[in-house]
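Reading through the structure tokens given below for one structure.
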Amino acid sequence: MQQKLNLYNTLTRKKEEFQPLHPPFVGMYLCGPTVYGEPHLGHARSAVTFDVLYRYLKFIGYKVRYVRNITDVGHLVNDADEGEDKIQKLAKLENLEPMEVAQNYTNIYHRDISRLNNLPPDIEPRASGHIIEQIEMIQEILENGFAYEVNGSVYFDVEKYNKAYKYGKLSGRVIEDLIGNTRTLDGQDEKRASVDFALWKKASPTHIMRWASPWSDGFPGWHLECSAMSRKYLGKTFDIHGGGLDLMFPHHECEIAQSQASHNHTDAARYWIHNNMITVGGQKMGKSLGNFINLSELFNGNHDMLEQAYTPMTIRFFILQAHYRSTLDFSNDALQAARKGYSKLMNGLRILAKMDGQAGTGEPDQKLNEELKKLVEDCFKGLNDDLNTAKTIASLFNLLKKINSLYLGQLTIASITTEVYTLLTETYRTLVLDVLGLQQESTADVEEMLHLVLGFYKEAKDTKAYDKVDEIRAELKKQGIVIKDLKTGIDWAYEE
RNA sequence: GGUAACGUGGCCGAGUGGCUAGGCUCAGCUCUGCAAAAGCUGCUACAGCGGUUCGAAUCCGCUCGUUACCUCCA
């Protein structure tokens, strides 16, 4: 590997050089969405952050298996609902099959997330498709003595686990504090301790999402799927586990406990990576506060908080120009600035394409060549330093300044060696397109453009400039468009 | 209450001891038929108060303010 990637590991609270367990292979698991609602800006941040990590790992030579789950079962609404499934609750309201709801939101998630040019994961397992694996895992935990059964439900014994291992090592939680602070919990709960969490819940008679198990007809606990599925596809120990910062506790903490209690007594993932939240006026954007903006709303501009629509690439750039571990504040101003920054970066690509083949034809300017090499190196420094895309984008802008100057002749392109020129263009193109995953977004409207061209066409006909008329026809035909001179006016059609 | 963060110029946002972050906005200049684009220059910074240090936005303490997690949450 040419590049040394350092990543901040939540487990150690330090930046560490990334070294996979079995190079050149890398296993990466990301907690995906619970499909009971449309994806919002927060989902996008998580997806984009880990998409860039995925892309960069592949770019520096690793063979990556990227697993991102779909949660379509198991999350509880809250304690008061006594085990009613989030997805099921919605299904009842809308009179749909639970799986229909899950499928619908899964489709929307795929649609919106892919518009942001996120690569699809290599495996996208569904919780409902891995009930058997989850049951097996519960059995292991029971056999190892870290769980107990009550009335057909199985709970994880956190206090017992804490004596053998240490519960709370990811989030820095101390179990005594947790117990002390949750004493208000209802007394009729089946759990031995408030900190215990469900591995299997017996379904109430009205609960329609249910599966058979050795304990009861029921459904798996809400942290289990990730442990079971990451293990199935990545192994008992794998390299990277990612997710939003809000999943660190209790979700990821419970995952660690489950994995450790069920097998080998080793950590499941070696590097735990967490992206920070999107905020609105300093407050977390989230479901509970109701201050979230769905991706589809961002794309079409239909939301009270939006002054206009923003394109997918504007959103992607907006996310990338901040470091993933910082909170990122949403505002229209920030998005409008992102749009311009994005366009600027894209214009650089167009200019580069026009300059090919002009370098190395004159006397090399040693100083300039060295300067350019350094700017190229800077671009990678950012990525290697805990995936600091903000830094990398700043470096790309510095590089772009030189590219623009070369293009305008303020710097002499002939004095750049072909070697440096290749390095420069390759770096710029690769980082922008392949690693940051930005893509050209056409703002031009074909109909509008044609309207303009047909105006010139009519003008040429009116003035009997038939050379011009023929030329316009020929050029449009190359684009697969034919002009139709009708009695009623001028029209066009796609060539058949 | 427990735990963990954060507070950077008009806006967004990097930066952990000394070297220009960057983008957007604004002003000026170059270029230009006029523009635009691009380049160059400039403008408001490191919440406050102390301390450590030759030197701090960066380390330490206190004060003020904001937030996150502790319940589902990307």
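Owing to the predicted nature of the structure, the values given are computational and were not obtained by experimental measurement. Here is the naming used below: chain letters follow the sequence lines, and residue numbers restart at 1 for every chain.
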Rounding to the closest angstrom, what is the interatomic distance between [N] and [M] at atom [atom1]?
N	M	atom1	result
B/C24	B/U16	P	24 Å
B/U71	B/U63	C1'	33 Å
B/G15	B/G9	C1'	15 Å
B/C26	B/U32	P	24 Å
B/C62	B/U3	P	14 Å
B/G61	B/A45	P	28 Å
B/G50	B/A14	P	30 Å
B/C59	B/G23	P	26 Å

Counter-base of [N], judged by Watson-Crick or G-U geometry with both distances under 3.5 Å:
N	value
B/U53	none
B/G9	none
B/A38	B/U30
B/C69	B/G2
B/U58	none
B/A14	none

Identify all pairs in which a protein N or O lies below 3.5 Å from an N or O of nucleotides 63-68 of chain B, and state each distance.
none

Rounded to whole angstrom units, what separation is found between the [atom1] atom of [X] and the [atom2] atom of [N]?
X	N	atom1	atom2	result
A/Leu328	B/U8	CG	C1'	16 Å
A/Met248	B/A4	CE	P	11 Å
A/Leu335	B/C11	CG	P	17 Å
A/Ile293	B/A74	CD1	P	16 Å
A/Met346	B/G23	CE	C1'	15 Å
A/His323	B/G13	NE2	C1'	12 Å
A/Asn118	B/A74	CG	C1'	12 Å
A/Gln321	B/A14	CD	P	7 Å

Taken in chain and number order and not counting sequence neighbours, the residues that satisfy salt bridge (charged side-chain N to carboxylate O under 4.0 Å, His left out) with A/Glu459 are none
So, using salt bridge (charged side-chain N to carboxylate O under 4.0 Å, His left out) as the criterion, who are the partners of A/Asp196 when residues are at least two apart?
none
May I have the step-by-step check of ring pair (Phe, Tyr, Trp, His ring centres under 6.0 Å) for A/His223 and A/His252, ending in yes or no?
CA-CA 8 Å; A/His223 307 300; A/His252 290 160; 9.3 Å; no
Excluding sequence neighbours, so at least two apart, what forms side-chain hydrogen bond (donor to acceptor under 3.5 Å, both in side chains) with [X]?
X	result
A/Ser326	none
A/Asn104	none
A/Tyr36	A/Lys86
A/Thr279	A/Asp329

Heavy-atom nearest nucleotide on RNA chain B for A/Lys287 versus A/Arg13: which residue maps closer to 5'?
A/Arg13
Most 5' of A/Gly341 and A/Gly42 on RNA chain B, judged by nearest nucleotide:
A/Gly341
Base, sugar-phosphate, or nothing for [X], non-hydrogen atoms under 4.0 angstrom?
X	answer
A/Gly286	nothing
A/Ser395	nothing
A/Gly244	sugar-phosphate
A/His274	nothing

For nucleotides 25-27 of chain B, tabulate all protein N/O to nucleotide N/O atom pairs closer than 3.5 Å, reporting atom names and distance.
residue, atom, partner, partner atom, Å
B/U25, OP1, A/Lys340, NZ, 2.6

Would you jot down, in residue-number order, the residues of residues 377-391 of chain A having a non-hydrogen atom under 4.0 Å from RNA chain B?
A/Asn388, A/Ala390, A/Lys391
At their closest point, which heavy atom of A/Cys379 faces which heavy atom of A/Leu396, and how far apart are they?
SG-CD2, 3.8 Å
Any protein N or O atoms within reach of nucleotides 36-43 of chain B? Criterion: under 3.5 Å, listing atom names and distances.
residue, atom, partner, partner atom, Å
B/A38, O3', A/Asn404, ND2, 3.1
B/G39, OP1, A/Asn404, ND2, 3.4
B/G39, O4', A/Gln410, OE1, 3.2

Partners passing ring-ring contact (aromatic ring centres under 6.0 Å, His included) against A/Tyr66 (at least two apart in sequence or in another chain):
A/Tyr54
Taking the cut-offs as 6.0 angstrom to the six-membered ring centre and 45 degrees off its axis, would you call A/Lys287 and A/Phe292 a cation-pi pair?
yes
May I ask you to establish whether A/Arg316 and A/Tyr342 are in a cation-pi arrangement, using a distance under 6.0 Å from NZ or CZ to the six-membered ring centre and at most 45° from the ring axis?
no
Of B/C73, B/C12, B/A14, the nucleotide closest to the side chain of A/Thr34 is B/C73
Sorted by chain and residue number, the side-chain contact (heavy atoms from CB on, under 4.5 Å) partners of A/Ser415 (sequence neighbours excluded) come out as A/Asp365, A/Leu368, A/Thr412
Short question: side chain of A/Glu253, backbone of A/Gly168 - any donor-acceptor pair under 3.5 Å?
yes
Any chance the side chains of [X] and [Y] put a donor and an acceptor closer than 3.5 Å?
X	Y	result
A/Glu124	A/His110	yes
A/Glu16	A/Thr12	yes
A/Tyr8	A/His323	no

Ignoring hydrogens and angles, does a donor from either the side chain of A/Arg173 or the base of B/C69 sit under 3.5 Å from an acceptor on the other?
yes
Under 4.0 Å from OP1 or OP2 of B/U3: is there any side-chain N or O of A/Ser171 that close?
no
Using a 4.5 Å cut-off on heavy atoms from C-beta on, say whether the side chain of A/Tyr428 contacts that of A/Val376.
no
